[in-house]
Amino acid sequence: MIEIKNISIETPRRIKILHETSMQLANGQLHVVIGPNGSGKTTLLKTMVGLLQPTQGRIFCDTLPIKSLTPKAIASHMSYVGSEHSNPFSYTVEDIILWGRWHHHQGHPTYKDRVAAKNAAQSLGIEHLFARTFNTLSLGEQKKTHLAKSLSSDVQHYVWDEPLAPLDIRASLELMVLARSLVRTGRLIVVSLHDIPLALRYADSLSILENGKITWQGIPSDPSCLLAIQKVFGVTINERQGSQINITQT
Amino acid sequence: MVRLLLKYFLLLCILIVVGSVIGPTGFNVDLDLLTTIRLPRVTTALFAGAATAAAGTLSQSLFRNSLATPSIIGTEAGASFSLALATMLAAQYGIGLEVGNPIFYTSIGAALATMLSLGIMRFRPEGLGSSSGDSMARLLLGGFALNAMFAAGSAFCLSILMENGAGMSLYHWLMGSFSARTWDHALGITGAYFVCVALAFRLAPTLDALSLGDEASRSIGIDVARIRWQVLLITSILIGSSLSCGGALPFVGLIAPHFARLLSKPHVKILLPLASIIGAILAVSADLVARTLRAPIDMDVGLLTTLIGAPYFIWLLISNNGWAGGKSRD
């Protein structure tokens, strides 16, 4: 469970990025955060995993206050994948996936760690890239490597910032299916997405961010959900025959 | 990898033998001369080169940038300035310690300069959001400014000393020279090298993982701030001790780690010994050339390494191997 209590974040120049945001996310669900560009999604997710310190408010992971945990303790509860994956040196995909299990091996991977890395690579379909140099890969392959790194960590909570951004449509669908299967084992996955039809289709719960505030939170089948999306993004959503969704400019 | 290390180690051994038997008057095997003059000199050059190269490897990892070596980011210039200032203050005003143990000043100078450089590179006005992008420009411009500043400071101290006719030893020291080294120098740098590299070896896997970037390495469970301090300390002592016994060796810290990265896997536990051996080869051979080319005059070894190193650095920039650490090097 991840619980955010009344957090605000300001830049040193006092620009508010998040305003008194609260949310409580139980395990066993896929929670999707959507919102227009610059609404504070990345900041919210980084704060959730302790990478940013909120100016105000507190975050708990399984009732443990994030602020008092060491990086290692946080890593054994939550795995985070950000949006940038540049690596200056020529490490292999295997090196990078193994680093996801740092809290298990502290840089000295055992056979068990290598098996977990292999399995994670397999579940994302990149086992053939194992020996490749990471910085020669395409952006999509780099993203998959980092998602595999996250999966190999074997923790209860996963926070992924726009994991679908560089992925092709099939890889996107496969990742959402993979996320759903993880959720069924009792894990909590929090992702930010820009693809609203996919979000509506796969999310267990949804929150909508607007100017640093959560303006709507609930389940995607709630009738007020589409209205909230239309209002926040300024678009028109025509829902036709069940799952078919058509979004147009207002 | 082991074969690669052995190959370069063998080359180094040959150089040590050649360096020991060649003197200003050609071949010359006098046991007394060998043990009191040449061996300490060769040993000092060897470990000064190795220490500079190891420090270069560590700071590349610390800054996540293959150009971020001690001579580029201002670490060496800061260490030099720190000793120049201490020498000047001691000679002129009798403030502080005599330059009995310069390693103290050089290490502090190296640490302060590296911190300044890190600060410049990482400072972001907004404090949030991700860096990258312009970090390369920041690193090079910041390093340029720091180098210029420290060089001017050193020159200022030197000019004051020169007015009183006391600056020649500092001048040769600033230019880098292994002449008149004793076993004290040799054993000091050897000890410092092995202690620092042993500590660095323990951090090697963490340094590898730091390549992920601050946020990603923190989120896998690394206390980035703590590691950064430890590496900063080790790098500063390495640079401080190599400078205090042989003067500045600019470009050894750049070329040796670069060369090592071209030859081997990027893992620090392999790079550290490989870069050290290459650094030692460079320093020992530069010293050999420095004392034989215009014998019996000793040239400044730092000048020689710069003469070789600067064109190599320009070649690195042009061939695009330096920028962003070589995108497709395998």
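Just the heavy atoms: all of them, side chains too, but no hydrogens, waters or symmetry mates, feed the values below. Every chain is numbered from 1 and lettered A, B, ... according to where its sequence line falls, protein lines coming before strand lines.
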Quiz item: Of all heavy-atom pairs between R218(B) and G50(A), which one has the smallest distance, and what is that distance?
Solution: NH2-O, 3.6 Å
Practice problem: Decide if atom CZ of F259(B) counts as having more than 12 heavy atoms of other residues, nucleotides or ligands within a radius under 6.0 Å. | Solution: no
Quiz prompt | Atom of S90(A), atom of P266(B) and distance for their closest heavy-atom approach | solution = O-CG, 3.1 Å
Quiz item: Could you state the interatomic distance from CD1 (I220(B)) to CD1 (I74(A)), rounded to the nearest 0.5 Å?
Solution: 13.5 Å
Exercise. May I ask you to check whether over 12 heavy atoms, not counting those of F233(A), lie within 6.0 Å of atom CZ?
Key: yes
Quiz item: If you draw a 6.0 Å radius around CG in N119(A), do more than 12 non-hydrogen atoms from other residues or ligands fall strictly inside?
Solution: yes
Quiz prompt | Heavy-atom contacts under 4.5 Å, residues 56-69 of chain A to chain B | solution = none
Quiz item: Taking atom NZ of K269(B) as the centre, does the number of heavy atoms from other residues, nucleotides or ligands within less than 6.0 Å exceed 12?
Solution: no
Quiz item: Listed by residue number, which members of residues 94-113 of chain A have a heavy atom under 4.5 Å from any heavy atom of chain B?
Solution: D95(A), I96(A), W99(A), G100(A), W102(A), H103(A), G107(A), H108(A)
Self-check item: Closest non-hydrogen atom pair, S219(B) against A75(A)
Solution: O-CB, 3.5 Å
Quiz item: Is it true that atom NZ of K265(B) has more than 12 heavy atoms of other residues, nucleotides or ligands lying nearer than 6.0 Å?
Solution: no
Practice problem: Check whether any side-chain heavy atom of S86(A) sits under 4.5 Å from a side-chain heavy atom of R64(B), and report yes or no. | Solution: yes
Practice problem: Please list, in residue-number order, every residue in residues 28-37 of chain A that has a heavy atom less than 4.5 Å from any heavy atom of chain B; write 'none' if there are none. | Solution: none
Quiz item: What part of H146(A) gets closer than 4.5 Å to chain B, counting heavy atoms only: side chain, backbone, both or neither?
Solution: side chain
Quiz item: Considering residues at least two apart in sequence or located in another chain, which fulfil the ring pair (Phe, Tyr, Trp, His ring centres under 6.0 Å) criterion with Y80(A)?
Solution: none
Quiz item: If you draw a 6.0 Å radius around CZ in F144(B), do more than 12 non-hydrogen atoms from other residues or ligands fall strictly inside?
Solution: no
Practice problem: Can you see which heavy atom on F89(A) is nearest to which on S211(B), and at what distance? | Solution: CD1-CB, 4.1 Å
